[in-house]
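Have a look at the structure below, then the notes.
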Amino acid sequence: MAKDKYEYETIKIQKDPDGVTWLIMNRPEKRNAMSPQLHADCSDALYHLATDKDVKVLILTGAGDAFCAGQDLRLFFRANDSKPAERFAAGENSHNWRWTRLSKFPKATIAMVNGFCFGGGFTQLIACDLAVAADDATFGLSEVNWGIIPGGIVSWNVVNAMNSRDAMFYAITGDTFTGKEAARMGLVNYSVPAAQLREETLKLARKLAAKNPATVRYTKEGIRAVRGMSEAQAADYLAAKSDALRFNDAEGGREESLKQFLDEKKFRPGLGNYVR
Ligand code: ACO
């Protein structure tokens, strides 16, 4: 059952009236580094937000001047080095929210990268369907700088989201790059001046919130799923997915839009959404 109130120690949940909900990593004094508590909080929040009817689009961002400074080196790593049970629990929650729950979230998700994004922070960045960055945000695969590899599933994610030369370059040099460069590489959809980041991200979120939610969900699930399939598997999967959408679309979008275009001449599918 969804919660009415979301109160957490390390994150903030804010609901806008138009269906846009914010999940804000909220340890600005630690540049939103991910502690075990933050992993537990995010894991729980995403579980409830997934079925919360108020939530049409989720924006993930960080408080203060960071998106996320990666795993908390003190609390995630050193404090648990000799505590296998705690380390295991933190690792489970860490993977669960940043990948399992976020990449399968049933509504559209946008990462709004407002500042530093390092190491493990790339997992939730790439798990989101879309990403918008401030031009001057700072990205880095900093693992090599302190003696570890981009583990978890960071390496797997970056070779999927970046071209292999860029992924290798930034992984073995540890060099930083800006939001503008992230956009050029296709790691984020686009970047904007920091002063416009919130407004531009909201504009995108509201566009998605206005669309048929079942169609958005089935589309994003389809785009993700076909990547690992052969052409024959994809064709079969997409045919079944299309049928499933017609069955599960509570507002019957396909039939309604055929009527609006063919009979009523009320809208043009090529140029925008049907009237809902
Ligand atoms: N883990 C633990 N604490 C952190 C982390 C982190 N990843 N990042 C920042 N902090 C803490 C600092 O220790 C400091 O705490 P303190 O005030 O108690 O001393 C506070 O956040 C502010 O950090 P500063 O370094 O003073 O802030 P500044 O703005 O100068 O630099 C930056 C920010 C560049 C993010 C720097 O803190 C940094 O390099 N952090 C580590 C980034 C990183 O490599 N993360 C790990 C990636 S690998 C992985 O995730 C598996």
Side-chain angles (χ1 to χ4, degrees), residues 6 8-13 21 23-27 30-51 55 58-62 66-113 116-131 139-144 146-162 167 170-171 187-188 220-221 223-225 227-228:
Y6 294 88
Y8 295 103
E9 202 178 311
T10 64
I11 61 173
K12 276 195 288 190
I13 304 296
T21 294
L23 193 169
I24 304 166
M25 295 170 277
N26 190 31
R27 302 183 70 220
K30 301 291 182 192
R31 308 300 182 261
N32 305 317
M34 297 179 285
S35 61
Q37 186 63 47
L38 183 138
H39 291 311
D41 288 350
C42 286
S43 206
D44 185 76
L46 287 176
Y47 177 83
H48 293 287
L49 292 168
T51 53
V55 182
L58 185 78
I59 301 177
L60 174 69
T61 193
F67 175 73
C68 176
Q71 297 288 10
D72 189 306
L73 273 54
R74 184 188 304 280
L75 299 175
F76 183 83
F77 286 108
R78 190 155 76 181
N80 283 339
D81 272 351
S82 52
K83 296 182 186 162
E86 286 83 350
R87 180 70 210 269
F88 181 76
E92 286 282 291
N93 280 334
S94 165
H95 183 75
N96 188 33
W97 85 267
R98 289 181 307 147
W99 189 252
T100 312
R101 289 201 170 149
L102 200 51
S103 68
K104 291 190 170 57
F105 198 72
K107 302 102 187 263
T109 53
I110 306 172
M112 185 178 97
V113 185
F116 297 120
C117 177
F118 286 110
F122 276 59
T123 297
Q124 62 264 40
L125 164 72
I126 295 170
C128 286
D129 301 319
L130 301 172
F139 294 77
L141 292 167
S142 56
E143 287 90 339
V144 71
W146 66 281
I148 68 164
I149 63 166
I153 53 165
V154 173
S155 292
W156 181 81
N157 259 327
V158 293
V159 295
N160 281 317
M162 300 165 81
Y170 288 106
L187 179 62
V188 302
K220 60 174 262 186
E221 289 174 351
I223 290 281
R224 283 181 188 277
R227 195 166 56 172

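All figures in this text were calculated on a predicted structure; none of them were measured in a lab.
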Taking atom CZ of R224 as the centre, report whether more than 12 heavy atoms of other residues, nucleotides or ligands fall under 6.0 Å from it.
->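 Yes - once you tally the heavy atoms of other residues, nucleotides and ligands closer than 6.0 Å, there are more than 12.
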
For E86, does the CD atom sit with more than 12 other heavy atoms under 6.0 Å from it, leaving out its own atoms?
->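 Check passes, neighbour count above 12.
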
W99 and W156 aromatic ring geometry - parallel, tilted or perpendicular at 30°/60° bounds |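 Judged by the thresholds at 30° and 60°, the geometry between W156 and W99 is perpendicular.
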
Geometric class of the F116/F118 ring pair [parallel <30°, tilted 30-60°, perpendicular >60°] =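 Rings of F118 and F116: parallel, as their planes differ by under 30°.
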
Can you check whether [X] reaches [Y] side chain to side chain, under 4.5 Å on heavy atoms?
X	Y	value
L187	I126	yes
E92	F88	yes
M25	K30	no

Single hit among T109, I59, V188, I110 for side-chain contact (heavy atoms from CB on, under 4.5 Å) with C128 =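 Testing C128 for a side-chain contact (heavy atoms from CB on, under 4.5 Å) against T109, I59, V188, I110 leaves exactly one candidate, T109.
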
Whether [X] side chain and [Y] backbone form a donor-acceptor pair below 3.5 Å:
X	Y	answer
S155	P150	yes
R27	T10	no
K107	V55	yes
T61	M112	yes

Atom pair [atom1] ([X]) and [atom2] ([Y]), whose distance is rounded to the nearest 0.5 Å:
X	Y	atom1	atom2	answer
L60	W97	CG	CH2	5.5 Å
R98	M34	CZ	CE	4.5 Å
T51	L46	OG1	CG	11.0 Å

